[in-house]
2 protein chains.
Amino acid sequence: MERARMAAVNEAREILLESAPPRPKVERIATRKARGRITAEPVRARLSMPSYPASAMDGIAVRSGRTQTATPETPVSLIEGTDFVWINTGDPLPEWTDAVIMVERVHIRGEREVAVTDPAIPFQHVRQIGEDVAAGETLLMARVRIRPVDQASLLAGGVREVPVLTRPRVTIIPTGKELVPPEIDPARGEIIEFNSTLLAETLQEWGAETRHGGIVPDDPDQIRRAVETALEWSDLVIVNAGSSKGSQDFVPAVLQKMGHLLVHGVAARPGKPTALAVVEGKPVLGLPGYPVSAHLSLEWFAKPWMEAWQGQETPSGESITARLAEPVKTRVGAEDHLRVRVVATPDGGWEALPLFRGAGATFSLSQADGWLRVPAETGEWKRGHEVSVRLSRPSSVIRRRLWIAGGDDPALDVLVSAWSEAIGRPVARQATGEQEAVNRWRNGLCVGIVLETDAGGPCPALPDGWDDQPATVVPLGEREWGWWVQKGNPHGITGVSDWRRSDLRWILPPRGYGSRLFLERLAARAGIPVPDACCEIASCLKAAAAVSGGTAHAAWGIRTDLPPSDCWFLPDTRRSLYLLLSPAVAKATEGQVLLALLRDEKVRTALMNEGLELSMTAGRD
Amino acid sequence: MERARMAAVNEAREILLESAPPRPKVERIATRKARGRITAEPVRARLSMPSYPASAMDGIAVRSGRTQTATPETPVSLIEGTDFVWINTGDPLPEWTDAVIMVERVHIRGEREVAVTDPAIPFQHVRQIGEDVAAGETLLMARVRIRPVDQASLLAGGVREVPVLTRPRVTIIPTGKELVPPEIDPARGEIIEFNSTLLAETLQEWGAETRHGGIVPDDPDQIRRAVETALEWSDLVIVNAGSSKGSQDFVPAVLQKMGHLLVHGVAARPGKPTALAVVEGKPVLGLPGYPVSAHLSLEWFAKPWMEAWQGQETPSGESITARLAEPVKTRVGAEDHLRVRVVATPDGGWEALPLFRGAGATFSLSQADGWLRVPAETGEWKRGHEVSVRLSRPSSVIRRRLWIAGGDDPALDVLVSAWSEAIGRPVARQATGEQEAVNRWRNGLCVGIVLETDAGGPCPALPDGWDDQPATVVPLGEREWGWWVQKGNPHGITGVSDWRRSDLRWILPPRGYGSRLFLERLAARAGIPVPDACCEIASCLKAAAAVSGGTAHAAWGIRTDLPPSDCWFLPDTRRSLYLLLSPAVAKATEGQVLLALLRDEKVRTALMNEGLELSMTAGRD
């Protein structure tokens with residue numbers, strides 16, 4: 001068992017491909033259904049296209065020799081039936097003709113007589129047999145991915161059936177007693193099993209046929225039987241989770257008994273708890289349980305195996321060069337894979353913003369624009385360092401995206417989504433502190449920022465340096481802020497004054513956020529320090545959700561109907577929300593559309609349903 | 001009728017989008033089936049993930065306060081059940097605990113007693129409720145293309161069904177009395193109807209649902225009824241062919257009667273005979289009949305309409321900057337769209353080689369690597385001019401491709417395909433003249449060239465300048481050459497001496513090709529000039545096919561079983577075929593694999609079946 005060892009990702013991949021090389025089979029399928037499939041052998045035309053000499057023009061078909069003396073001064077007269085016939089594009093040429101004169105060059109002389117003033121060159125405007133495709137010509141080489149234009153050229157050559165490689169068959173077996181299918185709402189201790197969807201859909205994109213092996217509990221015997229059954233149909237089997245070194249991680253031992261465990265553990269974060277085995281000559285991959293790890297491990301091992309099967313690379317994302325928006329620190333010894341958001345910079349370049357690194361952060365996987373690989377020997381990259389980012393969405397989409405920075409408010413999603421739809425460009429929000437938002441705005445990295453201030457007070461006090469680039473200030477409305485506490489407020493929390501108590505754990509907005517600055521000012525006035533037992537969460541909804549779990553006692557946030565119902569909201573204060581729009585965007589169609597949306601009754605109602613008490617002047621010029 | 005006018009492509013597109021804007025509907029579908037679909041509205045999480053505070057580590061769950069005094073010198077002792085519980089990754093945290101200490105930091109003291117030497121920070125190694133996804137969070141904005149990672153994050157948030165835009169429904173109606181479905185071999189005057197496959201498969205790639213409207217003859221009433229029926233189901237209707245200005249082109253008039261003809265004719269080559277109309281508020285596109293024109297016109301009009309439907313760009317090919325390998329001449333007044341092959345240059349750049357321009361050349365559509373647009377006002381671009389090429393296959397595939405230049409021989413396809421398969425890289429042939437082949441080789445644009453010489457004679461006489469870069473000369477074998485003539489040789493053709501006759505039309509290899517040079521030497525010795533009535537075709541198979549049509553009387557070519565059986569082959573001479581391999585490739589694995597293939601019995605048999613009489617030394621070192 002312990003013979004299988006930890007390996008670098010590259011090394012592990014080579015071991016897998018050598019020990020369990022793909023063995024594709026060949027099947028003949030209809031050319032009409034062959035899009036995306038891979039040719040198994042060179043494909044030759046069966047018929048010629050055109051299959052007869054055809055006219056390439058509307059006009060008359062003639063014997064070229066008959067027209068050799070024609071000039072504007074000495075036109076040659078031709079008699080229908082004997083010297084010429086009328087012909088349309090695509091019509092077969094009579095056997096006694098060898099050229100076509102286009103209708104624009106034909107002078108009508110009588111009912112059955114025309115004249116021409118230029119000699120016709122032999123073969124002029126004639127599509128020879130086989131001009132497009134000649135029988136016997138190789139239309140596609142082996143190992144070519146068939147596109148619509150290839151289907152067309154196959155059909156043109158009379159090829160109705162095409163020999164293609166079978167799709168690799170992959171069975172995915174999720175394991176874990178805590179898993180429930182997505183159709184069931186999870187109880188405490190249960191987790192929705194969505195990894196198999198993530199893996200299957202990705203594999204299908206790469207060209208695989210997939211099956212779900214059923215959720216199997218963490219039981220060595222059941223795992224073994226599930227793998228055995230899967231191997232009957234599959235070319236590759238994936239067991240998801242149970243490949244680590246914990247007491248419930250049976251997969252490596254099971255695979256070692258069934259066949260040969262090649263690798264146990266790869267030197268990468270996330271993705272380390274991966275087990276690679278060969279059973280009955282087929283690869284069996286034990287992938288980590290966390291979705292991010294499973295996703296990466298699939299890319300490292302299943303993808304190259306499928307590429308070897310298909311004899312070519314899987315079409316994958318672009319790579320770009322970006323500058324790091326913040327320093328990156330990693331532990332040396334294993335390569336790190338970081339999700340990043342990518343922002344287009346005004347100079348035409350790119351900036352990469354590392355996201356939350358948690359391996360369980362499925363949402364960040366969806367939010368990410370790409371991946372940054374930090375080599376095993378690198379411990380730190382400074383802000384501004386140039387890195388290569390492998391994109392997970394098209395660069396054209398990222399380039400067109402508009403950014404809003406600043407404080408979090410779920411109501412902003414309603415506005416941003418309506419705006420995005422109306423202007424046909426993606427718009428994204430990034431929660432940041434106030435100063436960070438202003439910096440991003442000043443560097444052209446976002447078109448707007450969200451600031452908050454005391455209700456009824458003046459417009460947000462603009463930080464230093466703002467004035468030289470006057471923003472358009474759009475008052476959005478007011479919002480009730482307060483403390484989310486456990487139902488019934490069992491700890492009798494009243495507000496910032498309770499920060500003195502040592503029995504409470506708090507969830508606060510991160511340092512530098514407008515709402516945090518407000519609390520700090522409040523506490524400072526009363527001489528109360530920020531409590532040690534606190535955790536910073538930028539998202540209002542995540543903060544409230546965390547309180548509902550009981551590990552924290554109170555979270556500062558907005559009144560909203562969205563988070564779990566087993567919390568109480570203790571209202572504390574009212575604050576105003578402002579959107580500051582860059583002058584360029586405010587003047588452009590984009591900005592005008594946004595202001596119009598803020599006057600739109602449907603949008604206003606939607607925003608009010610989010611708990612935002614709209615300013616009368618929002619959207620009014 | 002003549003109110004509809006000719007328009008530039010851009011202008012025509014705008015008219016279409018304004019007159020028949022897309023009207024997508026919304027449907028709710030299972031998240032598991034939603035890959036590739038477009039969100040219709042913002043999608044929010046219904047549940048939090050995790051739905052309970054969970055351990056992020058294997059270890060013990062504790063109350064952090066209980067461990068505050070722990071140091072290596074003053075460890076804190078903890079009793080199981082009272083002070084701690086053992087916990088695995090993902091397990092729910094007991095309500096009385098608020099932190100996890102990883103197993104590596106726990107010192108076992110007794111059966112139910114452990115000690116810790118560091119204080120636990122509140123929330124340490126705890127995944128809060130909603131850490132991944134909090135209920136209410138916006139997981140996807142509207143108008144986002146759903147990827148597998150998005151499906152995963154939706155399911156994590158308990159979203160089983162997702163509101164998406166309906167796929168646009170498109171019906172394609174091929175028209176023309178000469179069309180037969182691909183299941184039938186065409187008789188003289190008939191054409192296989194493959195355009196509808198080309199159009200439907202392309203539209204499906206862009207996200208449409210398509211239907212085939214049945215082949216309809218060129219009859220105004222039948223066309224009208226077919227469009228009427230199609231409109232019942234469709235969001236967009238395509239009528240293929242009949243949109244030009246010929247006597248059989250009824251589509252524009254029919255569409256004008258049914259609704260409003262917006263545009264008739266676009267200023268572009270190919271693609272000009274396009275008609276755009278709006279009927280019952282829906283767009284009806286009359287696309288040209290030639291496959292290349294239909295393909296382009298679909299890109300110009302159906303694609304942007306679908307992008308407007310989806311609220312985003314269709315993922316499409318990359319664009320690269322390439323240098324023209326030869327000058328390009330076009331007529332001003334209409335934009336020209338040229339198919340090009342793209343070759344990676346040794347300096348990391350790209351070279352673009354324009355292909356045959358015929359609008360009926362389906363095969364060239366499949367062979368092309370991309371498109372070059374020549375603006376309406378440009379008449380000529382010089383060789384070396386920098387142009388932008390829109391690729392129709394991934395640049396990574398093009399970059400890895402190896403090229404063989406020189407004379408055409410269908411047997412080479414067998415060799416090249418086997419080679420490509422064995423080395424896992426695309427290999428392509430380009431038929432060129434001898435000097436052109438040598439030039440390309442010397443410029444690093446191909447790794448091998450094919451030369452021919454008199455059988456039994458010395459190795460090919462290497463053109464000037466070759467010597468300083470010694471090639472590896474691989475003798476392939478001998479090949480019988482002669483004249484393809486009509487069955488029974490009705491014109492009594494014997495050879496080059498018949499070039500003197502004025503009643504014959506010839507098909508010869510293009511100037512500069514090895515086989516053409518051979519014929520010219522032969523003729524020059526006898527004092528015979530090259531005949532005027534001749535047409536140049538590079539492909540041996542296309543040349544033979546053209547003779548079978550009767551428009552030409554004789555074609556110079558190789559003996560092969562592949563072309564139509566209604567020709568006779570008059571043997572004339574035997575010539576030897578040599579492959580000259582670049583020294584770098586000959587030494588590399590790629591070259592070694594090729595030499596090994598030439599020794600392989602299966603490959604040798606396949607080559608001999610192609611009529612190549614293999615040299616004993618082919619592949620022998």
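These values consider heavy atoms only, across backbone and side chains, with no hydrogens, waters or symmetry-generated copies. By convention in this document, chain letters (A, B, ...) are assigned in the order of the sequence lines, proteins followed by strands, and residues within each chain are numbered from 1.
- When A/Leu154, A/Asp98, A/Val547, A/Ile537 are compared by the number of non-hydrogen pairs under 4.5 Å with chain B, A/Asp98 comes out ahead.
- Heavy atoms closer than 4.5 Å to chain A are found in the side chain of B/Phe123, but not in its backbone.
- Ranking A/Pro148, A/Ala56, A/Ser51, A/Gly36 against chain B, the residue ahead of the rest is A/Pro148, based on heavy-atom pairs under 4.5 Å.
- Shown here is A/Gln68, whose CD atom has more than 12 heavy atoms of other residues, nucleotides or ligands within 6.0 Å.
- Looking at A/Ala45, neither its backbone nor its side chain comes within 4.5 Å of chain B, counting heavy atoms on both sides.
- Between chain B and the options A/Pro186, A/Ser417, A/Pro122, A/Pro92, the largest number of non-hydrogen pairs under 4.5 Å is found for A/Ser417.
- Using a 4.5 Å cut-off between heavy atoms, B/Asp58 touches chain A through its side chain atoms alone.
- For A/Val144, no part lies near chain B; criterion is any non-hydrogen pair under 4.5 Å.
- Using a 4.0 Å cut-off between a side-chain N of Lys or Arg and a carboxylate O of Asp or Glu, B/Glu610 and A/Arg44 qualify as a salt bridge.
- Contact record, A/Leu140 with B/Ser366: CD2-OG, 3.9 Å, taken as the closest heavy-atom pair.
- One finds no salt bridge joining B/Arg32 and A/Glu193 here, because no Lys/Arg side-chain nitrogen approaches an Asp/Glu carboxylate oxygen to under 4.0 Å.
- The parts of B/Pro182 that come within reach of chain A are both its backbone and its side chain, each placing non-hydrogen atoms under 4.5 angstrom from that chain.
- When heavy atoms are compared at a cutoff of 4.5 Å, B/Leu47 approaches chain A solely by way of its side chain, counted from C-beta outward.
- Listed options B/Arg393, B/Gln367, B/Glu178 were ranked by heavy-atom pairs under 4.5 angstrom with chain A; first place goes to B/Arg393.
- Taking OG1 of A/Thr197 as the reference point, atom CG of B/Leu155 lies at 5.0 Å (rounded to 0.5 Å).
- Residue B/Thr202 touches chain A through both its backbone and its side chain, counting heavy-atom pairs closer than 4.5 Å.
- When each of A/Ala308, A/Ala152, A/Cys535, A/Gly157 is checked for heavy-atom pairs under 4.5 Å with chain B, A/Ala152 comes out on top.
- At a 4.5 Å heavy-atom cutoff, the contact between B/Ala368 and chain A is made by backbone atoms alone.
- Heavy atoms closer than 4.5 Å to chain A are found nowhere in B/Ala54, neither backbone nor side chain.
- The line from CZ of B/Phe194 to CD of A/Gln151 is 12.5 Å long, rounded to the nearest 0.5 Å.
- Residues B/Gln204 and A/Arg35 have side chains that bring a donor and an acceptor to within less than 3.5 angstrom of each other.
- Of the atoms belonging to A/Leu139, heavy atoms from both backbone and side chain fall under 4.5 Å from chain B.
- A salt bridge (charged side-chain N to carboxylate O under 4.0 Å, His left out) check over residues 139-150 of chain B, counting only residues at least two apart or in different chains, returns the pairs A/Glu421-B/Arg143, B/Arg147-B/Asp150.
- The existence of a salt bridge linking B/Lys542 and A/Glu131 is excluded, since no basic side-chain nitrogen approaches an acidic carboxylate oxygen closer than 4.0 Å.
- How far SG of B/Cys534 is from CD1 of A/Ile121: 11.5 Å, rounded to the nearest 0.5 Å.
- Of all heavy-atom pairs between A/Ala545 and B/Ala134, the closest is CB-CB, 4.1 Å.
- Proximity to chain A (any heavy atom under 4.5 Å) is shown, for B/Arg429, by neither the backbone nor the side chain.
- When side chains are defined from C-beta on, A/Asp413 counts as touching B/Met141, because their heavy atoms get closer than 4.5 Å.
- Of the atoms belonging to B/Val133, heavy atoms from both backbone and side chain fall under 4.5 Å from chain A.
- For the set B/Asp132, B/Thr362, B/Asp91, the entry with the most heavy-atom pairs within less than 4.5 Å of chain A is B/Asp132.
- With values rounded to the nearest 0.5 angstrom, B/Ser396 atom OG is found 4.5 Å from A/Glu313 atom CD.
- Proximity to chain B (any heavy atom under 4.5 Å) is shown, for A/Glu318, by neither the backbone nor the side chain.
- For the atom pair CZ (A/Arg188) and CD1 (B/Ile129), the distance works out to 7.0 Å, reported to the nearest 0.5 Å.
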For the pair A/Val414 and B/Thr138, evaluate side-chain contact (heavy atoms from CB on, under 4.5 Å) and give the outcome as yes or no after the intermediate values.
-> CA-CA 9 Å; A/Val414 170; B/Thr138 303; over 6 Å; no

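- Summarising the local packing, CG of A/Asp185 is surrounded by more than 12 heavy atoms from other residues, nucleotides or ligands at distances under 6.0 Å.
- Neither the backbone nor the side chain of A/Ala30 comes within less than 4.5 Å of any heavy atom in chain B.
- Across B/Glu307, B/Glu190, B/Met49, B/Arg425, the residue that shares the most heavy-atom pairs under 4.5 angstrom with chain A is B/Glu190.
- Among A/Arg400, A/Glu183, A/Arg127, the residue making the largest number of heavy-atom pairs under 4.5 Å with chain B is A/Glu183.
- Of the atoms belonging to A/Trp86, not a single heavy atom falls under 4.5 Å from chain B.
- Heavy-atom pairs under 4.5 Å with chain B were tallied for A/Gly65, A/Ser364, A/Ser392, A/Pro426; the largest tally goes to A/Ser392.
- Between chain A and the options B/Gly158, B/Pro291, B/Gly176, B/Ala552, the largest number of non-hydrogen pairs under 4.5 Å is found for B/Ala552.
- Taking the side chain as every heavy atom from C-beta outward, B/Tyr290 and A/Thr89 approach each other to under 4.5 Å.
- Neither the backbone nor the side chain of B/Ala34 comes within contact range of chain A; no heavy atoms are under 4.5 Å apart.
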For side-chain contact (heavy atoms from CB on, under 4.5 Å), just list the numbers for B/Glu201 and A/Val149, CA-CA rounded to whole Å, side-chain angles, deciding distance to a tenth of an Å, and then say yes or no.
-> CA-CA 9 Å; B/Glu201 295 286 317; A/Val149 288; over 6 Å; no

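- For the set B/Gly90, B/Ala156, B/Gly358, B/Ala428, the count of heavy-atom pairs under 4.5 angstrom toward chain A peaks at B/Ala156.
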